[in-house]
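Atom set for the values below is all heavy atoms of this structure, side chains included, hydrogens, waters and symmetry mates excluded. Residue indices begin at 1 and follow the sequence shown. All of these numbers come straight from a predicted model, not from anything done at the bench.
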Amino acid sequence: MTKNHSGKVALVTGGNRGIGLETARQLAELGFTVLIGVRDLAKGEAAARTLDGKVVAIALDVAARDAAAHAAVEVERRFGRLDVLVNNAAIHYDPSARALKPDWTTIREAFETNVFGAWRVAVAFAPLLSTSGHGRLVNVSSEGGSLASMGAGAPAYSTSKATLNALTRILSAELRGSGVLVNSICPGWVATDMGGPGGRPVAQGAAGIVWAATLPDDGPTGGFFRDGKRLPW
């Protein structure tokens with residue numbers, strides 16, 4: 001891993017707290033100019049001030065239909081490039097729910113953010129990532145979306161993350177010729193607002209995301225990893 005990425009720009013969605021904020025911190029330490037995409041710009045700016053390095057908050061509600069396209073225009077105008085996109089924003093971990101008693105509102109909201117939001121952001125920023133020549137697209141997923149280990153519970157979260165993994169495979173193939181590496185990363189059970197207490201330190205989970213964001217040009221694409229090791233789909 002190159003230790004200094006000065007001059008490069010990274011965007012982390014949902015970057016004002018939890019694993020997104022920690023990912024931003026670690027990328028900034030490596031020299032990236034880090035943009036944290038947030039729904040509430042004031043909260044994002046406050047979060048950015050807690051980090052060292054070049055960290056800037058930008059308005060980006062991934063669930064809003066046109067927000068990603070507007071953010072891409074802003075990023076190109078202000079920064080002229082994007083080298084790393086981390087699709088981190090996610091909602092509705094629902095372990096006590098059951099698929100046979102569906103809460104359709106929760107399920108639709110989960111897909112709107114966890115799938116369609118990430119998809120819209122990827123589409124909006126793919127041209128900038130491709131222009132980079134060394135673009136990295138990281139979809140923050142979960143082993144809860146692994147078909148190999150999926151069981152009862154968390155229907156909204158698990159099915160949305162499984163769909164995100166499918167999107168990773170498709171995007172990796174479509175972007176292969178442009179030098180963009182696309183991977184899904186499971187950060188593991190991390191002690192955050194979503195994960196709750198008892199998980200491992202957030203820095204450990206974020207390190208796997210940063211690994212994927214800083215892969216060498218001959219690194220993997222279209223894979224599913226935790227801590228740099230492959231997971232079954």
Problem - Verdict with reasoning, Leu147 to Trp233, per side-chain contact (heavy atoms from CB on, under 4.5 Å) - result: CA-CA 6 Å; Leu147 299 177; Trp233 293 107; 5.9 Å; no
Problem - Any donor-acceptor N/O pair, Thr13 side chain to Gly37 backbone, under 3.5 Å - result: no
Handout entry: Note, Arg78 side chain near Val56 side chain (heavy atom, < 4.5 Å)
Key = yes
Problem - Heavy-atom check, side chain of Leu129 versus side chain of Leu175, under 4.5 Å - result: no
Problem - Check: Pro187 and Val140 side chains under 4.5 Å, non-hydrogen atoms - result: yes
Exercise for the section: Taking Asn88 for its side chain and Gly14 for its backbone only, find out whether a donor-acceptor pair lies under 3.5 Å. Expected result: yes
Handout entry: Criterion side chain to side chain donor-acceptor pair (under 3.5 Å) against Thr168, the qualifying member of Thr163, Asn183, Asn139, Asn87
Key = Asn139
Exercise for the section: Grab the two heavy atoms, one from Phe125 and one from Ala68, that are nearest each other, plus how far apart they are. Expected result: CE1-O, 4.0 Å
Exercise for the section: Specify the closest pair of heavy atoms between Ala206 and Thr23, including all atoms of both residues, with the distance to one decimal. Expected result: CB-OG1, 3.6 Å
Practice task
Can you run down the salt bridge (charged side-chain N to carboxylate O under 4.0 Å, His left out) pairs that involve residues 117-143, sequence neighbours left out, and say none if there aren't any?
Solution key: Glu112-Arg120, Arg136-Asp217, Glu143-Arg226
Practice task
Answer yes if Leu82 and Leu181 sit in the same cluster of Ile, Leu, Val, Met, Phe, Trp and Tyr residues linked by side chain heavy atoms under 4.5 Å apart, and no otherwise.
Solution key: no
Exercise for the section: Write down the atom of Leu60, the atom of Ala71, and the distance for their closest heavy-atom approach. Expected result: CD1-CB, 4.0 Å
Completion exercise
Partner of Val62 under side chain to side chain contact (heavy atoms under 4.5 Å, CB included), picked from Ile91, Asn114, Thr113, is Thr113
Practice task
Using atom types as modelled and distance alone, determine if a side-chain donor or acceptor of Asn16 lies under 3.5 Å from a backbone N or O of Val38.
Solution key: no
Practice task
Give the minimum heavy-atom separation between Gly205 and Ile19, together with the two atoms involved.
Solution key: C-CD1, 3.8 Å
Practice task
To the nearest 0.5 Å, tell me how far Thr214 OG1 sits from His134 NE2.
Solution key: 14.0 Å
Fill in the blank from the handout: Value for CZ (Arg81) from NZ (Lys8), rounded to nearest 0.5 Å, stands at 7.5 Å
Problem - Close side-chain approach of Asp227 and Trp211, heavy atoms under 4.5 Å - result: no
Handout entry: Arg65, CZ: over 12 other non-hydrogen atoms inside 6.0 angstrom
Key = no
Exercise for the section: Side-chain contact test, heavy atoms from C-beta onward, threshold under 4.5 Å: evaluate it for Leu137 versus Leu171 and give yes or no. Expected result: yes
Practice task
For the pair Arg230 (side chain) and Phe225 (backbone), establish whether a donor and an acceptor sit closer than 3.5 Å, ignoring hydrogens and angles.
Solution key: no
Problem - Any donor-acceptor pair under 3.5 Å from Ser141 side chain to Asn165 backbone - result: no
Practice task
Mark yes or no for whether Asp61, through its side chain, and Ala67, through its backbone, hold a donor-acceptor pair below 3.5 Å.
Solution key: no
Exercise for the section: Give the minimum heavy-atom separation between Ser178 and Ser130, together with the two atoms involved. Expected result: OG-OG, 3.4 Å
Handout entry: Check: Ser158 side chain, Pro155 main-chain N or O, donor-acceptor pair, under 3.5 Å
Key = no
Practice task
Quick one: pull up CD in Gln26 and CD in Glu22 and give me the separation to the nearest 0.5 Å.
Solution key: 4.5 Å
Completion exercise
In this structure, CZ of Arg25 is separated from CD1 of Ile36 (nearest 0.5 Å) by 13.5 Å
Exercise for the section: Flag the pair Leu11 / Val84 as yes when at least one side-chain heavy-atom distance between them is below 4.5 Å, and no otherwise. Expected result: no
Handout entry: Under the salt bridge (charged side-chain N to carboxylate O under 4.0 Å, His left out) test, residues paired with Asp103 that sit two or more places apart
Key = none
Handout entry: ILVMFWY cluster, Ile58 and Val12 together (side-chain gap under 4.5 Å)
Key = no
Handout entry: For Phe32, all residues meeting ring pair (Phe, Tyr, Trp, His ring centres under 6.0 Å), sequence neighbours excluded
Key = His5
Exercise for the section: Examine distances only and state if a side-chain atom of Ser160 and a backbone atom of Tyr157 form a donor-acceptor pair shorter than 3.5 Å. Expected result: yes
Exercise for the section: Please check if Met150 and Trp189 belong to a single hydrophobic cluster, counting links between Ile, Leu, Val, Met, Phe, Trp and Tyr side chain heavy atoms closer than 4.5 Å. Expected result: no
Exercise for the section: Indicate, with yes or no, if Ile209 and Leu21 share a hydrophobic cluster defined by side-chain heavy-atom contacts under 4.5 Å among Ile, Leu, Val, Met, Phe, Trp and Tyr. Expected result: yes
Exercise for the section: Report the C-alpha distance between Leu35 and Thr33 in whole Å, list the side-chain angles of each, state the deciding distance to 0.1 Å, and finish with yes or no for side-chain contact (heavy atoms from CB on, under 4.5 Å). Expected result: CA-CA 7 Å; Leu35 317 178; Thr33 295; 4.3 Å; yes
Handout entry: Path from Val123 to Val182 over hydrophobic side-chain contacts below 4.5 Å
Key = yes
Exercise for the section: Answer yes or no: is there a donor N or O on one side and an acceptor on the other, between the side chain of Asp94 and the main chain of Ala156, under 3.5 Å? Expected result: yes
Completion exercise
One should read off an interatomic distance between Lys161 NZ and Phe224 CZ, to the nearest 0.5 angstrom, of 9.5 Å
Practice task
Answer yes or no: is there a donor N or O on one side and an acceptor on the other, between the side chain of Glu76 and the main chain of Leu128, under 3.5 Å?
Solution key: no
Handout entry: Residue of the set Leu30, Ile185, Val86, Val138 for which side chain to side chain contact (heavy atoms under 4.5 Å, CB included) holds with Val210
Key = Leu30
